[in-house]
Structure formats: C-alpha cells, structure tokens
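The sequence lines fix the lettering, A, B, ..., with proteins before strands; numbering per chain opens at 1.
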Amino acid sequence: MPELPEVETVRRTLSDLAVGKTIANVQVRWPKMIKQPEADQFREAVVGETIQAIERRGKFLIFQLDHYTLVSHLRMEGKFSVNEQSEAEAPHTHVVFEFTDKTELRYRDVRKFGTMHLVKKGTEHDLPSLKALGPEPFDSLFTAEYLYEKLKRTSRQVKTALLDQIIVTGLGNIYVDEVLFRSKIHPHRLASSITLKEAGLIHFYTKSVLEEAVKRGGSTIRTYINSQGKKGTFQELLNVYGRAGKACVDCGTEIIKTKTGGRGTHICLNCQPIEKPL
DNA sequence: AGTCTAGCCTGGGAGC
DNA sequence: TGCTCCCAGGCTAGAC
C-alpha cells in the first residue's frame, strides 16, 4: 500500500528511468482509470510529449510533460515499470506509454484502483484532489502547534484525523499505526483530547518514521515494489502494523488488531492506554 | 460544514 | 476439492 515513503521511492527510481523519454504512442486497456479527459483525448494529448520531471505531492505522482501534467495515484497496488518493448508484459497491465527509444512505461494494477488525470501544465494544483491536500510532513508549515490546532477542532478519533490528507498529507494506514505506537497514543483517543505535548510527539514521530522509511525505500507488506522491481525494507522496523498476536517490542504485551472507521488498527494496549494521561 | 458510509476492485486465505 | 465469504485499503461521491 503505497504511502508517502513508497511513492517517493517510486518517484526517485522512475525519474532515473523515464525522464527525458518521448512518448510515441499510448495504449489504454482500462479506460475507467483515466479520470480526465476521455481516454482517446488523453492519448492524443500525450503523444509527442517528453517527460521533463517527475514530482510528488502527498501520495500523488506528478509527471511534468511539455504541455501537460499527468497526475497519477497508485492507490493500493499500482506499479510503474520501464521495460524494453520486447519484454513480456506482466498481467494486469492497464496503461502502456510507448517511448520513441523502443522502451515503454507500463502501469499495472491488480485492483484497478489507481487513477490518472491529465491537465494543462501549470493547472494541476487546481485539481480538487491536489488542491485539498494539507502540508507535507517535511514542510515548515507542519509544526506541533499546527497539528495541535487542527486536532483540537475535530470530533473524530485521532487516527482518523491523521489519515485525513487535509490535515497532513502522506500518512496511510501502516505509518499512522506506527506513529501512534511510538507516540504512545491510543488511535481511538478523541483528536480534540490530544495535548500540545502529545501533538509534539505525533509531529516528531511522523517526521522520523517517514524519513527512515524513505531511506529504506518504503515497506513491502504485500506486493509493493519500486520501479526497479525492488522491495523496501522498512517492514523490518514495523512495531505494530501486521504484528497482531505478537509481543510488543517494548513491553511484551500482545499486540491486538481492531478497527478504526473500517480500517485495520494495531495497538499495544499497555503502551497506548485509551485513558488520557494525567 | 463536518462527519460518515458505500463503492470502487481482485486475489488470497479461512471456513465449511 | 470447490464453493462462499471476508479482508486488504486510499479516495470520492453522496447522504446525513
């Protein structure tokens, strides 16, 4: 499940492989994933364009072309790879950008959840999905005080609030569980009950966990691989996610798995008591 | 206006 | 073995 560290790793590996290449043709096998414009207009627009740069905003990949910008979201299972045209195609390949040098950028996605939007260059930040995003975790706007103020003003549980990309962008289900474990905060605490000191812990661990995960090329839980086909290694450092039934690394208490708004949630009830600390 | 829920998807695993 | 059910989960549209 690509969250910020995985998307950033894809951005970096893909930049080395695809920047500077010119699109000669595009095949769209699953038109529904092209959200804007219609698939044939999409094809017509990108043919002849060269990939100038690949950027990231939150969990979105942003391909800067000559006249257009392609905004891609991998959702759960989306993967990009650059292959020789002669190489056999992996199953579930839904979009293929053929380059003029006989290589091609392939997008595959078992679940078909991923999306692509193509807009005129420079207008990408008017897309509702990008426009709504809050600060990047490494942006100077993201501070303990900012987080405290945002959490104070919502009636939601703290985990749900942290997954809201409007408050801070880039956290997903895996890293939010890890951040809350390290902060010793129960995910079901009311966001409005979080103190400034606790917001400081969440702020600190959001940055440190994501930074370390980027260094390690992300976490490979199920199927994630980067654009060079390699797995990440941060899963070795996960303390709670995917460890239900196992002993807490800090206190030995059994990690439990519960639900938060329909999402799996991993907690050490000893390290993360539900009661607000005095 | 803020919050919640269903829907989008398919493969893999559990249970029968 | 083969069937059904459930789960994984980011984001959006629509309901409340």
Original post:
Rounded to the nearest 0.5 Å, how far does CG of Leu147(A) lie from CG of Leu141(A)?
Top reply: 13.0 Å
Original post:
Going through the checks in order, is the side chain to side chain contact (heavy atoms under 4.5 Å, CB included) test met by Arg243(A) and Val249(A)?
Top reply: CA-CA 10 Å; Arg243(A) 297 194 67 248; Val249(A) 293; 4.0 Å; yes
Original post:
Rounded to the Å, how far apart are Lys35(A) NZ and dA13(C) C1'?
Top reply: 12 Å
Original post:
Does the pair Lys159(A)/Asp177(A) count as a salt bridge with the N-to-O cut at 4.0 Å?
Top reply: yes
Would you tabulate the pairs of protein nitrogen or oxygen atoms and nucleotide nitrogen or oxygen atoms of nucleotides 7-9 of chain B closer than 3.5 angstrom?
| residue | atom | partner | partner atom | Å |
| --- | --- | --- | --- | --- |
| dC9(B) | OP1 | Lys32(A) | NZ | 2.6 |
| dC9(B) | OP2 | Lys32(A) | NZ | 3.1 |
| dC9(B) | O4' | Arg111(A) | O | 3.4 |
| dC9(B) | O2 | Arg111(A) | NE | 2.7 |

Original post:
Pick the nucleotide of DNA chain C nearest each of Lys257(A) and Lys59(A); which residue has the one closer to the 5' end?
Top reply: Lys257(A)
Original post:
Taking only N and O in the side chain of Gln165(A), is any of them less than 4.0 Å away from OP1 or OP2 of dG10(C)?
Top reply: no
Subject >> Integer-rounded Å distance: dG10(C) C1' and Leu74(A) CG >> reply: 11 Å
Original post:
Within 45° of the ring axis of Phe60(A) and under 6.0 Å from its six-membered ring centre, is that where the NZ or CZ of Arg57(A) lies?
Top reply: no
Original post:
dA8(C) P sits how many Å from Glu77(A) CD, rounded?
Top reply: 13 Å
**OP:** Nearest whole angstrom, please: distance from the P of dG10(C) to the CG of Asn173(A).
**Re:** 5 Å
Original post:
What integer distance in Å separates Lys79(A):NZ from dT10(B):P?
Top reply: 15 Å
Subject >> Side-chain heavy atoms of Leu105(A) within contact of Leu14(A), under 4.5 Å >> reply: yes
Original post:
Counting only side-chain N and O atoms of His92(A), is one of them less than 4.0 Å from OP1 or OP2 of dG11(B)?
Top reply: yes
Original post:
Would you say Lys152(A) has more than 12 foreign heavy atoms packed within less than 6.0 Å of its NZ?
Top reply: yes
**OP:** Kindly assign one of parallel, tilted or perpendicular to the pair His94(A) and Trp30(A), based on the angle between their ring planes and the thresholds 30° and 60°.
**Re:** tilted
**OP:** Whole angstrom is fine here: how far is it from NE2 in His94(A) over to P in dT10(B)?
**Re:** 8 Å
**OP:** Would you please say whether a donor-acceptor pair under 3.5 Å links the side chains of Thr93(A) and Arg106(A)?
**Re:** no
Subject >> Spacing of Asp109(A) atom CG relative to dA8(C) atom P, expressed in whole Å >> reply: 18 Å
Listed pairs, N/O of protein and of nucleotides 1-5 of chain B, under 3.5 Å:
| residue | atom | partner | partner atom | Å |
| --- | --- | --- | --- | --- |
| dT3(B) | OP1 | Thr154(A) | OG1 | 2.8 |
| dT3(B) | OP1 | Ser155(A) | N | 2.8 |
| dT3(B) | OP1 | Ser155(A) | OG | 3.2 |
| dT3(B) | OP2 | Thr154(A) | OG1 | 3.4 |

**OP:** Look only at the side chain of Glu124(A) and the backbone of Val71(A), and say whether a donor-acceptor pair between them is shorter than 3.5 Å.
**Re:** no
**OP:** Check whether any side-chain nitrogen or oxygen of His73(A) sits under 4.0 Å from OP1 or OP2 of dG10(C), and answer yes or no.
**Re:** no
**OP:** Starting from C1' on dC7(C), measure out to CE on Met76(A) and report it in whole angstrom.
**Re:** 12 Å
Original post:
Hey, does Ser129(A) reach any base, or is it just sugar-phosphate, or nothing, if we go heavy atoms under 4.0 Å?
Top reply: sugar-phosphate
